[in-house]
2 protein chains.
Amino acid sequence: MRITAKADYAVRAAAVLAAAVPGVPVKGEAIATAQHIPLNFLENILRELRRAGIVRTQRGADGGYLLAVGPETVTVADVIRAVEGPLAEIQGERPEQLHYDGAATALADVWIALRANIRSILENVTLGDIARGQLPESVQMLVDDPDSWKARIR
Amino acid sequence: MRITAKADYAVRAAAVLAAAVPGVPVKGEAIATAQHIPLNFLENILRELRRAGIVRTQRGADGGYLLAVGPETVTVADVIRAVEGPLAEIQGERPEQLHYDGAATALADVWIALRANIRSILENVTLGDIARGQLPESVQMLVDDPDSWKARIR
DNA sequence: ATGATCTCAACAAATTTAGTTGACAAAGTG
DNA sequence: CACTTTGTCAACTAAATTTGTTGAGATCAT
Ligand code: FES
Ligand code: FES
């Protein structure tokens, strides 16, 4: 259950673009220094975001990277899925297509619920939210009181 | 964001022990064949669970593995943390101790909320729940309606 | 044309994952 | 006691993934 450097870099770079003045390209090097990301690695990542339709690019002098769409329409989940695969995998497979037997049968449902809860965060936060520094209320509540779930219902 | 084979195996093995008749050791080979886990790898894992105090062992003929504590007192999170480190890491660090700048400042809170939501599943499901095949109501609701979060509150 | 910038394929070091091997220790059985 | 069964442990390894780097080229504005 770890977020890789690549995914973290991707979201940070996308947040920089979301915060930039619209229509003006941001240079790769500007993003790299602002977020302390190795430039070459960052360019690999930005190219993948471009292929996914999240970023668009402008070559030549005064070139750089821009968001291809509105900051409020791109979620963190979109960015992560563009550079890694699906959000939540078990042994490299999607939760649905693994099969559990005997005492572990119910484990499949645990992984499905886990993925649903991961998505409830990552698909609910947009690049605009991060750039503005204001997260959705349902997410901010979890930050303010991370132990709220401790009331166990059965 | 992936669950490794090791973590998956660990929970499955622990679920088998939770389902076994209390006080009677289960042989490593029995767990391995029941859950299709390579025996040697499984033994590595069970030894880590023993060091974590989740499992206890009995050597010799009629030996095997037993839960060291009640199935209802061990959560999936406990098992995963015993064989991997912390539940949620960003670039190998805990969400608190990473520093974000500029447009990405709010990203730290996103990771914190993400971890809180991961814990709300994994710390709420016990080995007993899995062995009995009955998950807590709050978890089961997510399985039945994985898209319930789609109502976005801001 | 020229210099700045993105594009892409290929390479590679470090780390993690997913095991395997083999010698050994303890517990029971005859 | 000898012997078999079973867990213990350290060391080793192969493959995949992560985290980059290198260098040659394509494209754009001026
Ligand atoms: S075939 Fe289902 S776990 Fe073995
Ligand atoms: S289907 Fe394969 S072990 Fe059950």
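Predicted model only: the values in this text are computed from it and were never measured.
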Q.
Checking contacts here: which listed nucleotide (D/dT19, D/dT8, C/dC6) is nearest the side-chain heavy atoms of A/Lys27?
A.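 Of the candidates, C/dC6 comes closest.
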Q: Name the closest nucleotide to the A/Pro38 side chain, picking from D/dT21, D/dT18, C/dC6.
A: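 Per side-chain heavy atoms of A/Pro38, the pick is D/dT21.
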Q. Given that B/Ala5 and B/Asp62 both sit by DNA chain C, which one's nearest nucleotide is further toward the 5' end?
A.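 Checking each residue's closest nucleotide, the 5'-ward one belongs to B/Ala5.
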Check the distance between [N]'s [atom2] and [X]'s [atom1] and give it to me in whole angstrom.
| X | N | atom1 | atom2 | answer |
| --- | --- | --- | --- | --- |
| B/Ile90 | D/dT18 | CD1 | P | 15 Å |
| A/Glu84 | D/dA16 | CD | P | 18 Å |
| A/Arg56 | D/dC28 | CZ | P | 13 Å |
| A/Leu42 | C/dC6 | CG | P | 9 Å |
| A/Ile31 | C/dT5 | CD1 | C1' | 12 Å |
| B/Glu93 | C/dT15 | CD | P | 14 Å |
| A/Ile3 | D/dT17 | CD1 | P | 17 Å |
| A/Phe41 | D/dT17 | CZ | C1' | 11 Å |

Q | Test log, rule side chain to side chain donor-acceptor pair (under 3.5 Å), inputs A/Asp8 and B/Tyr100 | A | CA-CA 10 Å; A/Asp8 183 56; B/Tyr100 289 105; 2.6 Å; yes
Does this structure show an ion pair linking [X] with [Y], if we count only N-O contacts that are shorter than 4.0 Å?
| X | Y | result |
| --- | --- | --- |
| A/Glu84 | B/Arg2 | no |
| B/Arg81 | B/Glu123 | yes |
| A/Arg12 | B/Asp101 | no |
| B/Glu72 | B/Arg132 | yes |
| A/Glu96 | A/Arg115 | yes |

Contact list (N/O, under 3.5 angstrom) for nucleotides 8-12 of chain C vs protein:
none

Q: Please confirm whether any donor atom in the side chain of A/Arg59 sits under 3.5 Å from an acceptor in the base of D/dC28, or the reverse.
A: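 There is none.
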Using a cut-off of strictly less than 4.0 Å, decide whether [X] has a side-chain nitrogen or oxygen near OP1 or OP2 of [N].
| X | N | value |
| --- | --- | --- |
| B/Tyr9 | C/dG19 | yes |
| B/Lys6 | C/dT17 | no |
| A/Gln58 | D/dA29 | yes |
| A/Thr57 | C/dT7 | yes |

Q) Quick one: does B/Pro71's side chain get under 4.5 Å of B/Thr126's, heavy atoms only? A)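 In short, these two side chains do not touch, never coming nearer than 4.5 Å.
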(Q) I want to confirm an ordering. Mapping A/Arg2 and A/Ala61 to their closest nucleotides on DNA chain D, which one lands closer to the 5' end? (A)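 Counting from the 5' end, the first nearest nucleotide belongs to A/Arg2.
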